[in-house]
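To start, the structure under review is shown below, and the notes come after it.
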Amino acid sequence: MKTVQDYIRTIPDFPHEGIMFRDVTTLFSDPRGFRIAIDQLLHPYAGQPIDKVVGLEARGFILGGAIAHQLSLGFVPIRKKGKLPGKTIEQDYTLEYGTATMEVHDDALQPGEKVLLVDDLLATGGTAEAGIKLIERMGAEVIGCAFVIDLPDIGGRKKLEALGMDVHALCQFEGE
């Protein structure tokens, strides 16, 4: 029986030399692999009170939308700055070479709502941390962070756990 990791393609030297890119598009394109991933991402949170699913740009939209549908919940996108049309709040975060900004509509979440945060990959944890901060600034509570892939050598899981987050990943790859 295939695991989620079996559906993920590795592309050496992308986007530059020395990087082993973990490509989840092969997971998404296979109906069985995609179903396994969605089921396994939401399984630890079954029966927990969740009001919304939040997905981080961009592959988190695919996963989060499918999970929200499966749970009959609303979906909230957190996007890169300048991509949302309404009034937003923003949060800066650190990249390898500089900073970037994530945004969410200022009315997307209500105080007290319980939120599941979803993305495809946990590396440094910077994007997820920005998402968590946005959610918490709106008065909502992150009940868990679910990822397809964890790159433990980069330290994102430790960063999120230090923030008190429950982190769930379906598989991990060593290295960067």
Between E113 and K52, does any side-chain N to carboxylate O distance fall below 4.0 Å?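 Salt bridge flag = yes for K52 with E113.
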Could you tabulate the donor-acceptor pairs under 3.5 Å formed by side-chain atoms of residues 122-137, not counting sequence neighbours?
{"from": "T124", "atom 1": "OG1", "to": "G126", "atom 2": "N", "distance (Å)": "3.2"}
{"from": "R137", "atom 1": "NH1", "to": "E90", "atom 2": "O", "distance (Å)": "2.6"}
{"from": "R137", "atom 1": "NH1", "to": "Q91", "atom 2": "OE1", "distance (Å)": "3.2"}

Any side-chain heavy atom of [X] within less than 4.5 Å of one from [Y]?
X	Y	value
M20	F14	no
H168	L170	yes
D150	F173	no
P15	I19	yes
T88	D106	no
L121	V148	no
V104	M138	yes
I36	R32	yes

Can you give me the closest heavy-atom contact between [X] and [Y], atom names plus distance?
X	Y	result
H105	G86	NE2-N, 3.1 Å
P44	L41	CD-O, 3.6 Å
L151	I149	CD2-CG2, 4.0 Å
G82	E103	N-OE1, 2.9 Å

For atom NZ of K87, decide whether the heavy atoms of other residues, nucleotides or ligands shown that lie under 6.0 angstrom number more than 12.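 Counting other residues, nucleotides and ligands, NZ of K87 stays at 12 neighbours or fewer.
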Can you check side-chain contact (heavy atoms from CB on, under 4.5 Å) on L27 and V4, steps first, answer last? CA-CA 7 Å; L27 170 69; V4 166; 4.1 Å; yes
Side chains of D92 and T101: do they bring a donor and an acceptor to under 3.5 Å?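 Judged by distance alone, the side chains do pair up.
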Compute whether any side-chain donor of one residue and acceptor of the other, for T26 and D23, lie under 3.5 angstrom apart.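 The answer is no; no qualifying pair exists.
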State which residues pass ring-ring contact (aromatic ring centres under 6.0 Å, His included) with Y93; sequence neighbours excluded, sorted by chain then number.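 Y93 satisfies ring-ring contact (aromatic ring centres under 6.0 Å, His included) with no other residue.
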By ring-ring contact (aromatic ring centres under 6.0 Å, His included), which residues pair with Y45, not counting sequence neighbours?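 Y45 satisfies ring-ring contact (aromatic ring centres under 6.0 Å, His included) with no residue once adjacent residues are dropped.
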Check the hydrophobic clustering (I, L, V, M, F, W, Y; side-chain heavy atoms under 4.5 Å; chains of links allowed) and say if V118 and L84 are grouped together.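 No; tracing contacts between hydrophobic side chains, which count when under 4.5 Å, never links both residues.
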Who are the side-chain hydrogen bond (donor to acceptor under 3.5 Å, both in side chains) partners of Q110, not counting sequence neighbours?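 None.
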Do T3 and C171 pass the side-chain contact (heavy atoms from CB on, under 4.5 Å) test, and can you show the C-alpha distance, the side-chain angles, and the key distance before you say yes or no? CA-CA 9 Å; T3 68; C171 64; over 6 Å; no
List the steps and the verdict of side-chain contact (heavy atoms from CB on, under 4.5 Å) for V115 and L109. CA-CA 9 Å; V115 173; L109 298 169; 3.9 Å; yes
Side chains of residues 57-76: which donor-acceptor pairs under 3.5 Å do they make with residues two or more places apart or in other chains?
{"from": "E57", "atom 1": "OE1", "to": "R79", "atom 2": "NE", "distance (Å)": "2.9"}
{"from": "E57", "atom 1": "OE1", "to": "K80", "atom 2": "N", "distance (Å)": "2.9"}
{"from": "R59", "atom 1": "NE", "to": "D120", "atom 2": "OD2", "distance (Å)": "2.6"}
{"from": "Q70", "atom 1": "OE1", "to": "R35", "atom 2": "NH1", "distance (Å)": "3.2"}

Listed pairs under 3.5 Å, donor-acceptor, residues 139-147 side chains, sequence neighbours left out:
{"from": "E141", "atom 1": "OE1", "to": "K114", "atom 2": "NZ", "distance (Å)": "2.7"}

